[in-house]
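What's counted below: heavy atoms across the whole structure, side chains too, no hydrogens, waters or symmetry copies.
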Amino acid sequence: MSTNLDTLTTWDADWSQLSVVVTGLGVTGFSVADTLAELGAAVVVVDGKDNEHNRQAADTLKIVGVKDVLLGDDAVQGLPDAQAIGGTIDLVITSPGWRPDNSVLVAAQAAGIPIWGDVEFAWRVRKREGKRTAQWVVLTGTNGKTTVATMAQSMARAQGLDAVAVGNVGTPILDAIRYPDGFDLLIVELSSFQLHWLHHMEPEASVVLNLAEDHLDWHGGFDNYAAAKAKIYENTRIAAIYNDEEPSTMRMVEEADVIEGCRAIGITTDTPQRSMLGVVDDLLVDRAYLENRATQALELAHFADIGTPAPKHMVFNALAAAALVRAVGVEPAAVQTGLRNYEPEPHRIQAVAHFQDVLWVNDSKGTNPHATDAALATYDPIIWIAGGLSKGASYDQLVQTHKSHLKAVILIGTDQQPIIDALQRHAPEVPIHADYLKDTTVDFADGAAVMHHVVRLAHHLAQPHDTVLLSPAAASMDQFENYNVRGEKFTEAIAQLLSDMNYPGH
């Protein structure tokens with residue numbers, strides 16, 4: 001390699017001398033490989049799945065100049081032959097889901113080859129001659145990330161900014177950077193996986209929304225997970241935003257090496273102190289981004305702008321989004337307009353049906369106990385549909401906190417024991433329904449068929465004023481492709497139930 005990686009800090013730098021291995025052929029990996037090929041680098045992509053989708057993606061990448069795409073188990077046992085990429089491997093850029101103990105990444109580390117994530121790469125190519133360079137505001141947390149990112153996008157657009165939510169929200173960050181006209185603002189949602197591989201970034205504002213046990217298997221423990229999240233605050237320029245109700249996020253800000261002049265900004269759903277955003281009566285207010293914050297507060301929005309009712313977690317999300325965009329000059333009026341225009345993300349505490357005085361709520365995005373905590377706090381009494389892949393999480397605190405809300409629990413998923421144990425310890429009086437398939441021929445791995453039986457059981461158990469809540473507090477991949485599909489199958493099963501009942505409108 002004749003190019004020093006330290007010099008590769010713009011799109012227009014000389015990337016053509018670089019030989020890169022890209023791990024993963026999903027949305028992110030494809031985007032990375034495509035971009036590298038456009039920059040003239042020599043690229044080989046590796047992925048363990050040899051299927052039709054990946055073969056088609058491989059054909060497309062070869063057309064645009066990727067040297068090779070290696071698929072199947074053998075492709076991910078270690079680094080590819082350096083000859084396939086020009087005689088040397090200068091860099092590995094990994095997709096977010098690839099664990100640090102993957103054989104390819106272990107081999108790269110052993111060989112002293114630098115490893116970047118897609119965000120590191122994106123930060124380095126964000127500046128391009130003749131195009132706008134977007135400002136970045138960045139966020140992470142165990143839960144609420146996508147809601148905050150899309151709320152912030154709505155607020156920024158109400159200000160007239162060309163803004164887009166990217167990253168873990170679904171749109172690869174590199175796709176936004178390659179957009180022909182560029183953007184004014186990127187709202188970058190980052191997972192702990194992406195942050196693990198991040199080396200340098202200088203956002204205008206950053207926030208860790210919350211911190212709870214999640215992805216412990218990937219990170220090898222909670223301390224490593226928290227350390228990955230904390231990296232988001234490094235080199236922040238204007239506002240390092242913390243959750244005043246979670247002291248761990250405040251400590252992260254205190255320990256972060258930020259740019260001189262960066263301020264610590266708090267968010268709370270209580271009355272805000274100076275340099276915080278918070279709540280007064282039914283108003284969202286700002287005591288941070290104004291000169292006379294010692295004695296005054298700016299009104300940002302009303303609870304009614306969020307929804308009726310406005311759940312506490314949604315008030316918090318709105319304040320977090322406002323804190324991010326206020327750092328880059330979005331006015332209070334645009335914050336309010338953005339909230340009024342905001343369309344909530346599907347599968348997140350989403351009312352999907354109401355009949356016979358029973359409310360049915362799809363919270364399939366509740367993939368861990370911390371996420372489900374918000375849903376269980378919103379309703380009472382609840383027939384709770386829960387279970388899936390627990391990822392090593394504990395359910396004791398969740399059950400202890402909300403046991404008085406639980407009327408019955410219907411379990412899905414293959415990893416039910418952690419929830420059963422927590423219920424038996426802390427809520428032994430709550431009925432648990434786990435054997436509803438015993439007289440059927442349904443395969444438990446068939447998520448759609450299982451959900452059909454779950455919905456009918458919930459309908460049988462429900463009485464007027466109950467809420468049937470799908471909030472699994474666990475990942476979905478044991479029975480469904482992802483949490484979106486899980487939520488869709490829940491909604492479809494309800495629609496089928498109403499059709500079979502000849503309910504009006506169905």
Compare every heavy atom of Ala473 with every heavy atom of Leu398, then report the nearest pair and how far apart it is.
-> CD2-CB, 4.2 Å
Member of Ile187, Leu186, Leu190 meeting the side chain to side chain contact (heavy atoms under 4.5 Å, CB included) criterion with Val138 = Leu190
Determine the interplanar angle of the Trp116 and Trp15 rings, folded into 0 to 90°, and report it as parallel if under 30°, tilted if 30 to 60°, perpendicular if over 60°.
-> perpendicular
Are the side chain of Asp478 and the backbone N or O of Thr414 linked by a donor-acceptor pair below 3.5 Å?
-> yes
Okay, side chain of Ser95, backbone of Thr28: is any donor-acceptor separation there less than 3.5 Å?
-> no
Test applied, side chain to side chain contact (heavy atoms under 4.5 Å, CB included); reference residue, Val22; option that passes from Asp47, Val69, Leu36, Thr94 = Leu36
Other residues, nucleotides, ligands: >12 heavy atoms within 6.0 Å of Asn484 CG | yes
Report the C-alpha separation of Glu492 and Lys489 in whole Å, then their side-chain angles, then the decisive distance to 0.1 Å, and conclude whether the salt bridge (charged side-chain N to carboxylate O under 4.0 Å, His left out) test is met.
-> CA-CA 5 Å; Glu492 289 171 10; Lys489 295 306 177 186; 3.4 Å; yes
Examine distances only and state if a side-chain atom of Ser154 and a backbone atom of Thr150 form a donor-acceptor pair shorter than 3.5 Å.
-> no
Rounding to 0.5 Å, atoms OG1 (Thr440) and NZ (Lys438) come to a distance of 11.0 Å
Test item: Ile115 and Leu105 side chains (from C-beta on) under 4.5 Å apart, heavy atoms | yes
Side chain to side chain contact (heavy atoms under 4.5 Å, CB included) test vs Lys49 passes for just one of Asp73, Leu25, Asn54, Val76, namely Asn54
Of all the heavy-atom pairs spanning Asp118 and Val32, show the shortest one and how long it is.
-> CB-CG2, 3.8 Å
I would like to know whether Arg251 and Glu255 meet salt bridge (charged side-chain N to carboxylate O under 4.0 Å, His left out); could you show each step before the answer?
-> CA-CA 6 Å; Arg251 287 194 297 273; Glu255 294 169 4; 5.5 Å; no
Decide whether Thr249 and Asn243 meet the rule of one side-chain donor and one side-chain acceptor closer than 3.5 Å.
-> no
Closest non-hydrogen atom pair between Leu470 and Arg486, with its separation = CD2-O, 4.2 Å
Arg132 bridged to Asp184 by N-O distance under 4.0 Å | yes
Evaluate whether atom NE2 of His200 has more than 12 neighbouring non-hydrogen atoms of other residues, nucleotides or ligands under 6.0 angstrom away.
-> yes
For Asn102 and Trp98, indicate whether the former's side chain and the latter's backbone hold a donor-acceptor pair under 3.5 Å.
-> no
List the steps, then state whether side chain to side chain contact (heavy atoms under 4.5 Å, CB included) holds for Arg157 with Val164.
-> CA-CA 9 Å; Arg157 288 179 176 177; Val164 62; 4.3 Å; yes
Pair Thr140-Lys229, side chain to side chain donor-acceptor pair (under 3.5 Å): steps then yes or no | CA-CA 7 Å; Thr140 193; Lys229 293 290 191 186; 2.7 Å; yes
Note, Leu411 side chain near His433 side chain (heavy atom, < 4.5 Å) | no
Are Arg237 and Cys262 side-chain neighbours, meaning at least one heavy-atom pair lies under 4.5 Å?
-> no
Donor-acceptor pair, side chain of Gln153 and main chain of Ala165, under 3.5 angstrom = yes
Can you check side chain to side chain contact (heavy atoms under 4.5 Å, CB included) on Asn235 and Val258, steps first, answer last?
-> CA-CA 4 Å; Asn235 303 301; Val258 299; over 6 Å; no
May I ask you to decide if Val208's main-chain N or O and Tyr233's side chain share a donor-acceptor pair within less than 3.5 Å?
-> yes
How many angstroms lie between atom CZ of Phe480 and atom CG of Asp446, to the nearest 0.5 angstrom?
-> 8.5 Å
Given side chains that start at C-beta, do those of Val188 and Val137 come closer than 4.5 Å, heavy atoms only?
-> no
Atom pair CE/CG of Met151 and Leu319 - distance to nearest 0.5 Å = 9.5 Å
Lys/Arg N to Asp/Glu carboxylate O, Glu52 vs Arg55, below 4.0 Å = yes
Output yes when a side-chain donor or acceptor of Lys145 lies under 3.5 Å from a complementary backbone atom of Leu139, and no otherwise.
-> no
Shortest non-hydrogen pair, His452 vs Ala493, comes out as CA-CB, 4.0 Å
When the ring planes of Phe490 and Trp360 are compared, do they come out parallel, tilted or perpendicular, using 30° and 60° as the limits?
-> tilted
Please walk me through it: do Leu324 and Met155 pass side chain to side chain contact (heavy atoms under 4.5 Å, CB included)?
-> CA-CA 10 Å; Leu324 284 169; Met155 294 171 184; over 6 Å; no
Show your working on side chain to side chain contact (heavy atoms under 4.5 Å, CB included) between Val361 and Gln350 and close with a plain yes or no.
-> CA-CA 5 Å; Val361 176; Gln350 176 188 25; 5.7 Å; no
Could you give the distance from CD (Glu120) to NE2 (His199), rounded to the nearest 0.5 Å?
-> 5.5 Å
Minimum side-chain heavy-atom gap Trp11-Arg178 below 4.5 Å = yes
If you round to the nearest 0.5 Å, how far is CD1 of Ile410 from OH of Tyr436?
-> 7.5 Å
Heavy-atom count around Glu202 CD within 6.0 Å, excluding the residue itself: above 12?
-> yes
When rounded to the nearest 0.5 angstrom, what is the spacing between CE in Met451 and CD1 in Ile494?
-> 9.0 Å
Contact summary for Val27 and Pro172, nearest pair of heavy atoms | CG1-CG, 3.2 Å
Would you find more than 12 non-hydrogen atoms of other residues, nucleotides or ligands less than 6.0 Å from Phe444 atom CZ?
-> yes
Hey, are the side chains of Asn210 and Glu245 touching, using non-hydrogen atoms and a 4.5 Å cut-off?
-> no
Please tell me if the side chains of Ser19 and Ile89 come closer than 4.5 Å, counting only heavy atoms from C-beta onward.
-> no
Under 3.5 Å donor-acceptor, Arg124 side chain and Leu5 backbone | yes
Do Asp162 and Leu185 have side chains that get closer than 4.5 Å, going by heavy atoms?
-> no
When you measure from the side chain of Thr10 to the backbone N and O of Asp12, does any donor-acceptor pair fall under 3.5 Å?
-> yes
Heavy atoms of other groups near Lys67 NZ, more than 12 under 6.0 Å = no
Nearest atoms (heavy-atom pairs only) where Tyr483 meets Ser364 = O-OG, 2.6 Å
Report, as yes or no, whether the 6.0 Å neighbourhood of atom NZ on Lys131 holds more than 12 heavy atoms from other residues, nucleotides or ligands.
-> yes
Examine distances only and state if a side-chain atom of Asp363 and a backbone atom of Ile349 form a donor-acceptor pair shorter than 3.5 Å.
-> yes
